[in-house]
A.B. asks: 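Sharing a structure here in structure tokens format.
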Amino acid sequence: MGLEIPLPRLQRAVLRWYTRHARSLWWRRLSPEPYQVLVTELMLQQTQAQRVERVLPRFFQRFPTIRSVAEAPLAEVIRWWQGLGYNRRARFLWECAQTIVQHYGGCFPSELEQLRRLPGVGAYTAAAIATFAFGRQDVPVLDTNVRRVLQRILGTEHTSARELERIAREWLPGGASAQWHQALMDVGALYCHKHHPRCSECPLRRYCRSAGRVPPSARSMQRCEPSFAGIPRRLWRGRLLRLVAVAGTVTTEQAAQRLFGERPTGEQQRWIEELVAHLVRDGLLCRQGSWLSLPDGL
DNA sequence: AAGGCGGGGTC
DNA sequence: GACCCAGCCTT
């Protein structure tokens, strides 16, 4: 339904293109074991593949197995996460490791429901692990790339999330679900950009109802972030966390000096306190009196 | 349903 | 500058 050409032809075109033009992403050379897929997918959440590629090899060198994560202090995982952003994901990974080692005896769950219950694992990541690590063939893996590509092929303005999922399930090629989704992600990343799609070069242009006439997407609402001295709070949080990760232990006053200079104002000190409160609440920072350190997780 | 979350790349 | 990115959790 909604297709210009028979479904099997689209599927063959996608899979054939993928065999010849897949991005040579570092993790695609790994044999897909669940632990490695989990780490990779967590890192890829809202984070571009190119940056994950730079961090992933040394992360796996330090943490080769789920057990190595579970046995490490949380602080160590947070340190090795630095540079990736969304630092809560580091804690989620560590918590996943605790759960899998303690509750599943170190053996990864393969059912969607079980995966979905792991911290930091939502609908996308659960489907990705089931498909890429366990070879599930009947689950659509819907990230922003796949959604956008499917939506554009359909050419309809707004397909509801529910409807799009139904279609994505219907279009799954038997026996090649992993390659199918990887291919659609590559097309999304290389050609089917959100704003300036390169339709004339796209391998799917002959099968796509939107080819060459993608309507200019409306400006998304700019969200006015809370900020201090013109710098958004989330970036201050990142700076403070990195500071503690490097220093090991600092007082709030030392942290204020490192962030603002020798004599931080009262306002600046209060700002530090707010950042600390946020990071403590998220389980990324540990506070004892005025001393700050990364949590060990125990 | 909407806001917040990191950091770097892009236009 | 504004916007984006292999999402998720919280309110």
Side-chain angles (χ1 to χ4, degrees), chain A residues 18 22-23 25-28 32 36-56 78-79 81-93 95-96 115-133 139-150 160-161 168 177-190 192-198 216-228 230-245 274-275 277-279 281-285:
Chain A
Y18 185 69
R23 286 183 291 176
L25 298 167
W26 183 79
W27 55 87
R28 286 182 177 167
Q36 293 179 334
V37 175
L38 171 69
V39 174
T40 304
E41 294 302 337
L42 281 174
M43 285 190 180
L44 283 166
Q45 289 171 4
Q46 289 287 282
T47 305
Q48 279 151 352
Q50 202 167 1
R51 188 138 44 91
V52 172
E53 255 192 315
R54 294 203 310 270
V55 180
L56 203 51
I78 293 174
R79 283 200 181 87
W81 199 269
Q82 288 306 296
L84 276 168
Y86 287 135
N87 296 295
R88 268 199 311 170
R89 295 181 299 177
R91 187 181 178 93
F92 290 151
L93 172 59
E95 290 174 346
C96 283
L115 291 168
R116 186 63 183 74
R117 269 186 238 118
L118 295 171
V121 176
Y124 163 75
T125 306
I129 295 172
T131 300
F132 303 145
V139 179
V141 186
L142 294 177
D143 71 329
T144 52
N145 278 320
V146 176
R147 282 201 173 86
R148 192 172 57 248
V149 172
L150 294 182
S160 71
S177 182
Q179 298 93 314
W180 168 255
H181 289 104
Q182 298 281 343
L184 292 181
M185 290 179 193
D186 280 6
V187 170
L190 296 174
C192 197
H193 300 139
K194 174 158 192 179
H195 286 302
H196 304 294
R198 304 163 58 188
S217 48
R219 284 253 184 279
S220 59
M221 288 285 293
Q222 66 186 40
R223 29 182 201 247
C224 56
E225 306 179 67
S227 65
F228 187 87
I231 298 174
R233 185 173 61 200
R234 59 194 172 93
L235 298 188
W236 283 113
R237 286 179 34 138
R239 287 184 184 190
L240 176 55
L241 189 63
R242 183 189 312 280
L243 172 62
V244 178
E274 187 183 330
L275 299 175
H278 275 90
L279 289 166
R281 184 203 56 196
D282 285 350
L284 294 173
L285 199 59

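Labels below follow one simple rule: chain letters A, B, ... track the order of the sequence lines, proteins then strands, and each chain is numbered from 1. We use all heavy atoms of the structure for the numbers below, so side chains are in, but hydrogens, waters and symmetry mates are not.
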A.B. asks: Ignoring the backbone of A:P226, work out which of C:dA6, B:dG6, B:dG4 is nearest its side chain.
C.D. replies: B:dG4
A.B. asks: Quick one: the side chain of A:R237 and the base of B:dG6, do they pair up donor-acceptor inside 3.5 Å?
C.D. replies: no
A.B. asks: Identify whether any heavy atom of A:L84 sits under 4.0 Å from a base atom; if not, whether one sits that close to sugar-phosphate; answer base, sugar-phosphate or nothing.
C.D. replies: base
A.B. asks: Specify the separation, in whole Å, of atom CD of A:E225 and atom P of B:dG7.
C.D. replies: 12 Å
A.B. asks: Classify A:D282 by what it touches in the nucleic acid, base, sugar-phosphate, or nothing, heavy-atom distance under 4.0 Å.
C.D. replies: nothing
A.B. asks: Tell me if a side-chain donor or acceptor on A:Q45 pairs with a main-chain N or O of A:G120 at a distance below 3.5 Å.
C.D. replies: yes
A.B. asks: Please work out if A:Q182 contacts a base, only the sugar-phosphate, or nothing of the nucleic acid, heavy-atom cut-off 4.0 Å.
C.D. replies: base
A.B. asks: To the nearest 0.5 angstrom, please state how far the CZ atom of A:R242 sits from the CG atom of A:N87.
C.D. replies: 8.5 Å
A.B. asks: Classify the side-chain pair A:Y124/A:E41 by whether it contains a donor and acceptor separated by less than 3.5 Å.
C.D. replies: yes
A.B. asks: Ignoring hydrogens and geometry beyond distance, is the side chain of A:T47 in donor-acceptor contact with the base of B:dG8 at under 3.5 Å?
C.D. replies: no
A.B. asks: Could you tell me whether A:T40 contacts a base, only the sugar-phosphate backbone, or nothing, with contacts defined as non-hydrogen atoms closer than 4.0 Å?
C.D. replies: nothing
A.B. asks: Counting N and O atoms only, with roles assigned by atom type, does the side chain of A:R233 sit under 3.5 Å from a partner on the main chain of A:L275, one being a donor and the other an acceptor?
C.D. replies: no
A.B. asks: Do A:Q36 and A:W27 come close enough that some side-chain heavy atom pair is under 4.5 Å?
C.D. replies: no
A.B. asks: How many whole angstroms separate atom CG of A:L184 from atom P of C:dA6?
C.D. replies: 13 Å
A.B. asks: Scan A:W81 against the nucleic acid and name what it touches under 4.0 Å (heavy atoms): base, sugar-phosphate only, or nothing.
C.D. replies: nothing
A.B. asks: Looking across every strand, which nucleic acid part, if any, lies under 4.0 Å from A:R148 by heavy atom: base, sugar-phosphate, or nothing?
C.D. replies: sugar-phosphate
A.B. asks: Figure out the CD/P separation between A:Q48 and C:dC4, and round it to whole Å.
C.D. replies: 12 Å
A.B. asks: Separation of A:R233 atom CZ from B:dC5 atom C1', in whole Å?
C.D. replies: 9 Å
A.B. asks: Which nucleotide, B:dC11, C:dC4, B:dG6, lies nearest any side-chain atom of A:H196?
C.D. replies: B:dC11
A.B. asks: Mind checking A:L25 for me? I need base, sugar-phosphate or nothing, with any heavy atom below 4.0 Å counting as a touch.
C.D. replies: base
A.B. asks: If I take atom CG in residue A:L93 and atom C1' in nucleotide C:dG7, what distance separates them, rounded to the nearest angstrom?
C.D. replies: 15 Å
A.B. asks: Expressed in whole Å, how much space separates the P atoms belonging to B:dT10 and C:dA6?
C.D. replies: 13 Å
A.B. asks: How many whole angstroms separate atom CE of A:M185 from atom C1' of C:dG7?
C.D. replies: 12 Å
A.B. asks: Please state how far atom CD in A:Q46 lies from atom P in C:dG7, giving the value in whole angstrom units.
C.D. replies: 5 Å
A.B. asks: If you check every side-chain atom of A:R23, which of C:dA6, B:dG4, C:dC5 has the closest atom?
C.D. replies: C:dA6
A.B. asks: Between C:dC3 atom P and A:L235 atom CG, what is the distance in whole Å?
C.D. replies: 16 Å
A.B. asks: Nearest of C:dC4, C:dG7, B:dG6 to any side-chain atom of A:K194?
C.D. replies: C:dC4
A.B. asks: Using heavy atoms to find the nearest nucleotide of DNA chain C for A:R281 and A:A189 separately, return the residue whose nucleotide is more 5′.
C.D. replies: A:A189
A.B. asks: Starting from the 5' end of DNA chain C, give me the residue, A:A49 or A:V121, whose nearest nucleotide shows up first.
C.D. replies: A:A49
A.B. asks: Can you find a heavy atom in the side chain of A:D282 that is under 4.5 Å from one in the side chain of A:R91?
C.D. replies: no
A.B. asks: Is A:A128 touching bases, backbone alone, or none of the nucleic acid, heavy atoms closer than 4.0 Å?
C.D. replies: nothing
